[in-house]
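Residue numbers count from 1 along this sequence.
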Amino acid sequence: MSFPARPELVSRLAEDFIALQDAALARMNGTAASETEAALDDPALAGPVAIALAHAEVLARGAVRRAELSVMPAQRLRPLREYARRVRRARSQAEAVCKEQRARRVPQGHTAVTGPLDLRVARAAHPQAYLRALEEELAHRGLPADALSVPNYDRARWARERQLMQAEIPPPVRELLDCGDDAFVQALLHDAREVENPHLGHDAVVERWSRQARTALAWGRYAIAQAERAALGRPLTARSVQLDVLEDAYQDTAILTARAVEARHRTADLHDRIREFTARGAFAGLLAQCHAGAIARFAAVHPHLWDRTRLLAAEHKAACPEWTAGCPRCHLALAETLAAEVPASALLNMDDAPGEIVEPDAASDRYAILDDLLPHAVVAVADAAIGDESAQCGYGWVAENGMTGHGASMAHSSGEAEVIGICNAALGLLHHSPDSPIVILCDSSEAVTTVNRALETADPAVAHRTVVFPEGKQLLANLMPHCDRVEVRWLKGHIGHDLNETADALAAVALRHATGRIPAAVARKEQTQILRTLRFAQSEPPTAA
């Protein structure tokens with residue numbers, strides 16, 4: 001028997017985070033009262049429940065990690081791990097509910113923006129031809145090419161400039177908008193660790209909050225990693241203080257995680273509202289006029305195609321149960337049918353016809369191109385691994401001349417971890433090969449681009465978006481005096497390249513050792529076995545740098 005949600009209970013749970021979290025966990029455990037379950041199913045609580053469970057998941061993982069680093073017996077650790085898994089499942093289910101609700105909201109008002117069914121079918125079936133017609137219509141009206149485009153970045157500013165949203169910004173919000181990225185991240189850390197900042201949810205700043213929340217969360221994981229290292233550096237029986245610090249770090253990170261989820265949900269709600277704003281008023285009128293003009297141009301150039309499009313749409317609407325709503329999701333299937341009947345190439349003029357398509361050589365995609373290297377260049381492959389719980393990462397590298405290296409560091413993302421691996425490989429080889437150019441191969445395009453940009457400009461600051469933590473910044477700075485001797489190239493990963501697979505295995509072992517999953521003796525044994533299986537061209541065994 002289902003019970004209707006009591007409005008006063010829904011309101012109380014929405015205002016009391018701890019009560020909401022307790023209720024969500026009770027439902028997960030099957031102990032929630034019927035009226036509580038009914039309240040939690042209220043659409044108004046979908047987002048808050050997801051936020052509360054995100055906070056609970058980090059705390060559950062923290063309890064497991066603290067137990068792993070303590071003297072707790074294994075039989076007490078298993079229930080903690082099972083509880084953490086159940087919280088993760090509950091959080092995933094809550095996020096799925098949020099996505100489902102948002103998906104149901106998107107078509108509302110969206111049909112009015114994009115126009116009638118036949119227009120949407122033409123746009124989806126032949127986007128290039130329609131875009132050309134729309135550009136001609138905009139040019140005819142003296143409008144820029146992006147006049148009707150809602151940007152993916154900083155939509156709130158775009159909406160304010162077009163007077164779709166309130167333009168006045170309070171001074172505290174303006175201060176958040178105008179400060180640099182580092183200062184904004186510090187504001188997010190202060191919000192999580194000290195006092196909640198009520199201005200972060202303002203429409204003008206919430207998108208920036210959502211973007212920078214990942215960096216703030218990385219600093220929470222950095223604190224966890226530091227506490228882990230401190231605990232691992234002490235005997236099991238003398239870790240009490242360090243484990244308390246670890247618990248505090250997880251508490252802060254739980255808040256950072258919850259606030260990051262909140263920022264993401266608020267940003268999605270903002271985008272939904274902007275979509276609704278564009279569906280009415282002067283902007284919606286201009287949009288409709290321009291699309292009507294564009295479809296008229298499209299029909300004039302491709303009359304037979306437009307007649308076929310209108311016929312398809314009319315036949316579909318006659319049998320579609322959603323025709324009264326404008327068939328909000330039907331145009332994609334119709335567009336596939338139309339595109340199959342009239343390929344896009346049939347709409348191209350001869351001047352627009354594509355040239356000969358050259359298929360890439362399979363071998364060139366399998367390995368990095370090294371034919372242009374100097375004969376005395378030293379080539380190595382670097383790789384990295386990063387954990388889920390903290391900012392600790394492992395790296396490994398292997399050179400063609402038999403040298404290898406591996407170790408642990410701190411990284412906020414896999415890209416930064418790969419940069420650390422590249423820098424360690426290059427610095428190690430520069431020390432042992434003072435007269436040779438160094439070429440490092442890596443399977444992370446982000447890391448390759450980041451390091452090469454720093455090398456080209458001799459400025460490690462250009463990598464600030466990828467390299468966040470001091471460890472990576474220092475390594476990159478140490479590499480700058482050798483800009484003229486180091487080159488980094490991309491290598492496709494996980495395709496059986498011996499050096500790449502070996503570097504990946506060394507990085508994984510280094511991470512497991514750094515996080516205390518395996519002792520030093522086991523790590524050394526595994527590393528020795530990894531290097532023993534590697535087949536080098538020369539007979540000399542691999543040498544650790």
Colleague: So which atom in A384 and which in E418 form the shortest heavy-atom distance, rounded to 0.1 Å?
Modeller: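 Closest heavy-atom pair between A384 and E418: N-OE1, 3.5 Å.
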
Colleague: Testing the basics here: between A23 and L13, what is the closest heavy-atom pair and its distance to 0.1 Å?
Modeller: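 Looks like CB-CD2, 4.3 Å.
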
Colleague: Using side chain to side chain donor-acceptor pair (under 3.5 Å) as the criterion, list what pairs up with H412, not counting sequence neighbours.
Modeller: E416

Colleague: Which heavy atom of C423 sits nearest a heavy atom of L476, and at what distance?
Modeller: SG-CD1, 3.7 Å

Colleague: Which atom pair, heavy atoms only, marks the closest approach of V49 to L40?
Modeller: CG2-CD2, 3.9 Å

Colleague: For D383 and C442: C-alpha separation, side-chain torsions, deciding distance, then whether side chain to side chain contact (heavy atoms under 4.5 Å, CB included) applies.
Modeller: CA-CA 6 Å; D383 211 334; C442 178; 5.9 Å; no

Colleague: To the nearest 0.5 Å, tell me how far E161 CD sits from D154 CG.
Modeller: 8.0 Å

Colleague: With a 4.5 Å limit on heavy-atom distance, are the side chains of V381 and V398 in contact?
Modeller: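 A side-chain contact is absent here, since even the closest heavy-atom pair is not under 4.5 Å.
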
Colleague: Check for a donor-acceptor pair, side chain of S390 on one end and backbone N or O of Q392 on the other, with a separation under 3.5 Å.
Modeller: yes

Colleague: For the pair R160 and I169, evaluate side chain to side chain contact (heavy atoms under 4.5 Å, CB included) and give the outcome as yes or no after the intermediate values.
Modeller: CA-CA 10 Å; R160 289 197 308 273; I169 299 176; 3.8 Å; yes

Colleague: State whether the number of non-hydrogen atoms from other residues, nucleotides or ligands found under 6.0 Å of R211 atom CZ is greater than 12.
Modeller: yes

Colleague: Supply the atom-to-atom distance E389 CD to T515 OG1, rounded to the nearest 0.5 angstrom.
Modeller: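 Separation between the atoms: 9.5 Å.
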
Colleague: Taking the side chain as every heavy atom from C-beta outward, state whether D269 and R102 have any atom pair closer than 4.5 Å.
Modeller: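 The answer is yes, as the side chains (C-beta and beyond) meet within the 4.5 Å cut-off.
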
Colleague: Look at R61 together with D388 and state whether they make a salt bridge at an N to O cut-off of under 4.0 Å.
Modeller: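 The answer is no: the pair does not qualify as a salt bridge.
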
Colleague: Begin with the C-alpha distance, continue with both residues' side-chain angles, and end with the deciding distance and a verdict on side chain to side chain contact (heavy atoms under 4.5 Å, CB included) for H55 and T257.
Modeller: CA-CA 6 Å; H55 181 271; T257 301; over 6 Å; no

Colleague: Of the options H271, R266, Q212, which is the one that meets E207 in a side chain to side chain donor-acceptor pair (under 3.5 Å)?
Modeller: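 Going through H271, R266, Q212 one by one, the side chain to side chain donor-acceptor pair (under 3.5 Å) with E207 is satisfied by H271 alone.
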
Colleague: Any donor and acceptor pair, going by atom type alone, linking the side chain of D191 with main-chain N or O of N197 inside 3.5 Å?
Modeller: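 Here the side-chain-to-backbone pair exists.
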
Colleague: Test salt bridge (charged side-chain N to carboxylate O under 4.0 Å, His left out) on E276 and R273; report intermediate values, then the result.
Modeller: CA-CA 5 Å; E276 293 173 2; R273 284 188 283 120; over 6 Å; no

Colleague: Which residues pass the side chain to side chain donor-acceptor pair (under 3.5 Å) test with E168, sequence neighbours left out?
Modeller: none

Colleague: Any side-chain heavy atom of R208 within less than 4.5 Å of one from C179?
Modeller: yes

Colleague: Return the set of residues passing salt bridge (Lys or Arg N to Asp or Glu O under 4.0 Å) with R214 (not counting sequence neighbours), or none when no residue passes.
Modeller: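 For R214, no residue satisfies salt bridge (Lys or Arg N to Asp or Glu O under 4.0 Å) once neighbours in sequence are set aside.
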
Colleague: Looking at G415, is its backbone amide N or carbonyl O close enough to the side chain of S444 to form a donor-acceptor pair, meaning the two atoms are under 3.5 Å apart?
Modeller: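 Pair absent, no side-chain N/O of S444 close to backbone of G415.
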
Colleague: For G472 versus V467, what's the shortest heavy-atom pair and its separation?
Modeller: C-CG1, 3.4 Å

Colleague: Evaluate the side chain to side chain contact (heavy atoms under 4.5 Å, CB included) criterion for residues C98 and H265: first the C-alpha distance (whole Å), next the side-chain angles of each, then the deciding distance (0.1 Å), finally the verdict.
Modeller: CA-CA 9 Å; C98 291; H265 288 180; 3.9 Å; yes

Colleague: For R141, look at atom CZ and say whether over 12 heavy atoms of other residues, nucleotides or ligands are found less than 6.0 Å away.
Modeller: yes

Colleague: Does CG in D307 sit with more than 12 non-hydrogen atoms of other residues, nucleotides or ligands closer than 6.0 Å?
Modeller: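 Counting neighbours around CG of D307, more than 12 heavy atoms of other residues, nucleotides or ligands fall under 6.0 Å, so yes.
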
Colleague: Taking side chain as C-beta onward, heavy atoms only, is L53 less than 4.5 Å from E57?
Modeller: no

Colleague: If you look at every heavy atom in I420 and Y395, which pair is closest and at what distance?
Modeller: CG2-CD2, 4.0 Å

Colleague: According to side chain to side chain contact (heavy atoms under 4.5 Å, CB included), who are the partners of P144, at least two apart in sequence or on a separate chain?
Modeller: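 Testing P144 for side chain to side chain contact (heavy atoms under 4.5 Å, CB included), a comparison that skips the adjacent residues, returns D146, A147.
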
Colleague: Does T36 use its side chain to pair, donor to acceptor, with the backbone of A32 at less than 3.5 Å?
Modeller: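 Not confirmed, T36 side chain does not pair with A32 backbone.
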
Colleague: For R132 and E136, what are the C-alpha separation, side-chain angles and deciding distance, and is it a salt bridge (charged side-chain N to carboxylate O under 4.0 Å, His left out)?
Modeller: CA-CA 6 Å; R132 182 182 304 169; E136 291 175 356; 5.7 Å; no

Colleague: Strictly under 6.0 Å, is that where the ring centroids of W219 and F469 end up?
Modeller: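 Yes, the ring centres sit under 6.0 Å apart.
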
Colleague: State, with a plain yes or no, whether a side-chain heavy atom of V379 is found less than 4.5 Å away from one of I440.
Modeller: no

Colleague: Could you walk me through whether R27 and E37 pass the salt bridge (charged side-chain N to carboxylate O under 4.0 Å, His left out) test, one step at a time?
Modeller: CA-CA 7 Å; R27 179 169 65 175; E37 291 197 15; over 6 Å; no

Colleague: Which residue pairs satisfy the side chain to side chain donor-acceptor pair (under 3.5 Å) criterion with at least one member in residues 446-455, sequence neighbours excluded?
Modeller: E446-T466, T450-T466

Colleague: Under 3.5 Å, is there a donor-acceptor pair between the side chain of R155 and the main chain of P151?
Modeller: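 It does hold such a pair.
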
Colleague: Can you check whether W158 and F283 have ring centres sitting under 6.0 Å from each other?
Modeller: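 Between W158 and F283, the centre distance is under 6.0 Å.
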
Colleague: Examine distances only and state if a side-chain atom of N29 and a backbone atom of L25 form a donor-acceptor pair shorter than 3.5 Å.
Modeller: yes

Colleague: Verify the distance criterion only: is there a donor paired with an acceptor across the side chains of E137 and H291 at less than 3.5 Å?
Modeller: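 H291 and E137 do not have a side-chain donor-acceptor pair below 3.5 Å.
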
Colleague: Once you round to the nearest 0.5 Å, how far does OG1 of T215 lie from CZ of R465?
Modeller: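 The OG1 atom of T215 sits 9.0 Å away from the CZ atom of R465.
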
Colleague: From L176 CG over to L188 CG, what is the distance, rounded to the nearest 0.5 angstrom?
Modeller: 8.5 Å

Colleague: Between atom CG of L499 and atom CG of D504, what is the distance when rounded to the nearest 0.5 Å?
Modeller: 12.5 Å

Colleague: So do R120 and L117 actually touch side chain to side chain, heavy atoms under 4.5 Å?
Modeller: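 They are in contact (side-chain heavy atoms under 4.5 Å apart), so the answer is yes.
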
Colleague: Please round to the nearest 0.5 Å and tell me the distance separating atom OG1 of T267 and atom CG of D272.
Modeller: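 Spacing of OG1 (T267) from CG (D272) equals 11.0 Å.
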
Colleague: A quick test of your reading: do over 12 heavy atoms of other residues, nucleotides or ligands sit less than 6.0 Å from CD of Q163?
Modeller: no

Colleague: For the residue pair H126 and F298, is the inter-centroid distance of their aromatic rings smaller than 6.0 Å?
Modeller: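 No.
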
Colleague: For E336, what residues pass the side chain to side chain contact (heavy atoms under 4.5 Å, CB included) criterion, not counting sequence neighbours?
Modeller: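 Partners of E336 under the side chain to side chain contact (heavy atoms under 4.5 Å, CB included) test: none.
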
Colleague: Do L506 and W397 have side-chain heavy atoms sitting under 4.5 Å apart?
Modeller: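 In short, these two side chains do not touch, never coming nearer than 4.5 Å.
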
Colleague: Less than 4.5 Å apart, any side-chain heavy atom of L200 and any of V206?
Modeller: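 In short, these two side chains do not touch, never coming nearer than 4.5 Å.
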
